[in-house]
Peer 1: 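Before we start, here is the structure in question, set down as structure tokens.
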Amino acid sequence: MPDFRLYNTLTRQVEPFAPADGTTVRMYTCGPTVYNPAHLGNFRTFLFEDLMRRVLALRGWTVHQVMNLTDVDDKIITRAREQGKTISEVTEPVIEVFHRDREYLRIQRAEAYPRATAFIPQMVALVQRLIERGVAYQADDGSVYFAIAKFPAYGRLSRLDTREIKPGARVIQDDYSKENAQDFALWKAAKEEDEITGASWDSPWGRGRPGWHLECSAMAMDLLGDTLDLHCGGIDLIFPHHEDEIAQSEAATGQPFSRVWCHGAFLLTEGAKMAKRVGNVSTVQGLREARFSAAALRHFVFNTHYRKELNLSEEALAASRQAVRRVGDFAERLRSDTTMALGGTPALVQAADEAVAQAEAALFDDLNGPEALAALFEFIRRGNAELDRKGGDRTAVERARAALDRIDGILDIVPDREPADEGLAEWIEEQLAARRAARIARDFAEADRIRHELTSRGVTIEDSAGETHWKLD
RNA sequence: GGCGCCGUGGCCAAGUGGUAAGGCGGCAGACUGCAAAUCUGCUAUUCGUCGGUUCGAUUCCGACCGGCGCCUCCA
């Protein structure tokens, strides 16, 4: 088996990776806060994690991925308050949208999607443990905080020790009850709106709710054990979220929280980070309505390495749409009976083998999507050329099909062919019959007229030896 | 202000201390009645700028310019 390497944020290096037990990768991926549908920027990270789990599986490991759904937090409570709802009334529909978008983008289902509100006992237990260990305290405001000063390793992931806080950047708000301004909340004492919206639970420290960072630690350790193999998320989570997760978890267990940390870079739009507050978000729903297929969107995301910023633009998206069209045409050609009947050549097999080897090598080297795509496109070019030769070797075609399936099993960028409804298909066939007659009569003006008619309805036709294929654009 | 990332052809984007993958687009040719699809050829002597190290740098070092992010809720 080839070496599998990943960039580890902890060491800032690309290093060999393997699960601790040699068989199962226990992977935790920070999921969405479900108060609003996730935008493409969020999904870039989820897409990177989808690529990760597929490549891990390709490498031969079992993947156990957990992605949390944060269904209790300030924004959710605020929204619930505004709309006179409970938090679950706010989050339930958003969770549905999340899964619908996820499926549209062909993101494989994780093994578990724990909701924060379903793990309150585990969170309370974790806080209790931290208090017993003397690294957490209840302040005058009733909330429980983590005492950063008691955890010397704090800041290792984000290299806090090498940074200095911008004067005035961290304005010490009204948190006078905290021992240290940087201490973060483990358990937030309930306020009136928390009670009204159903965002409050009993605890040894009174009514309250869990802090955001705590949720992930508690759920990750409950579902995956004290030490994870891999923890992924967007680059913005490094500080403070992941830093705080490490502090809480390691202070409680004395064990490393995650062996490896991976972070995906941002998706930008118009040169700025895609974010709701910037007002430049693209939703999956919107992209879908603009007729960008899952295949095109996946191509767009995977065509840039996950650790490099990616700028969303109309042109780039259009380029991906075209690129993926080519992939789809090749896939259809390979699958067709005509192609099988015509057969392939030894060189087709060679092209297929090389493509698989190159794509896998690229993917195993820190998830290099762009190189894997390059290998695929090289295969398409050579494959088409060899198929043009009609070599007669059916086995070669089978090998090529298998190669494409293997590569596309990871990238998943063959677009779906939109089926024409029955009436349209019937009409198209009638037009094609009429055109055929016109061509036989060498009435090309009429044949072209019919073709234009079809084109105006979004139907593209391709004449090839003896037969005419049509497809919807 | 601190920490970090990025700057490769018209657009997107890999990559390496030894002379630039791939996609989109464009041009020309083959095929076609004409197209479409496909194939072939061409489309960066050059990798932000200026220095340095080296036999040799796009790749290492330094400075500068430009863009972005984190330091505050955040994929």
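Every chain is numbered from 1 and lettered A, B, ... according to where its sequence line falls, protein lines coming before strand lines.
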Peer 1: Report, as a single string ordered 5' to 3', how protein heavy atoms within less than 4.0 Å touch nucleotides 25-38 of chain B: B base, S sugar-phosphate only, - not at all.
Peer 2: S-------BBBBSS
Peer 1: Just name whichever nucleotide pairs with B/A21, Watson-Crick or G-U, keeping both distances under 3.5 Å, else none.
Peer 2: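 Result: none.
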Peer 1: Could you give the CD1-to-C1' distance, from A/Ile235 to B/G4, as a whole number of Å?
Peer 2: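 Computing the A/Ile235:CD1 to B/G4:C1' distance gives 8 Å.
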Peer 1: In whole Å, what is the span from the CD atom of A/Glu378 to the C1' atom of B/C39?
Peer 2: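 Rounded to whole Å, this separation is 13 Å.
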Peer 1: For the side chain of A/Glu371, counting heavy atoms from C-beta on, which of B/G15, B/G23, B/A75 is nearest?
Peer 2: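 Of the candidates, B/G15 comes closest.
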Peer 1: For atom C1', what is the distance between B/U49 and B/G10, given to the nearest Å?
Peer 2: 22 Å
Peer 1: Is the centre of the A/His242 ring less than 6.0 Å from the centre of the A/His263 ring?
Peer 2: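 Yes, close enough.
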Peer 1: Roughly how many Å apart are B/C61 and B/G7, using the P atom of each and rounding to a whole number?
Peer 2: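 These two P atoms come out 14 Å apart once rounded.
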Peer 1: Across all strands, who's sitting opposite B/U40 as a Watson-Crick or G-U wobble pair, both distances under 3.5 Å?
Peer 2: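 B/A28 - that is the nucleotide pairing with B/U40, both distances being under 3.5 Å.
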Peer 1: Could you check if a side-chain atom of A/Arg298 sits within less than 4.5 angstrom of a side-chain atom of A/Asp412, using non-hydrogen atoms only?
Peer 2: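 Side-chain contact under 4.5 Å: yes.
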Peer 1: Are OP1 or OP2 of B/A14 and a side-chain N or O of A/Lys308 less than 4.0 angstrom apart?
Peer 2: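 It does, given that an N or O in the side chain of A/Lys308 lies less than 4.0 Å from OP1 or OP2 of B/A14.
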Peer 1: Would you say a side-chain N or O of A/Asn303 is under 4.0 Å from OP1 or OP2 of B/A14?
Peer 2: no
Peer 1: In whole Å, measure the gap between the C1' atoms of B/A63 and B/U16 for me.
Peer 2: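 That atom pair is separated by 25 Å.
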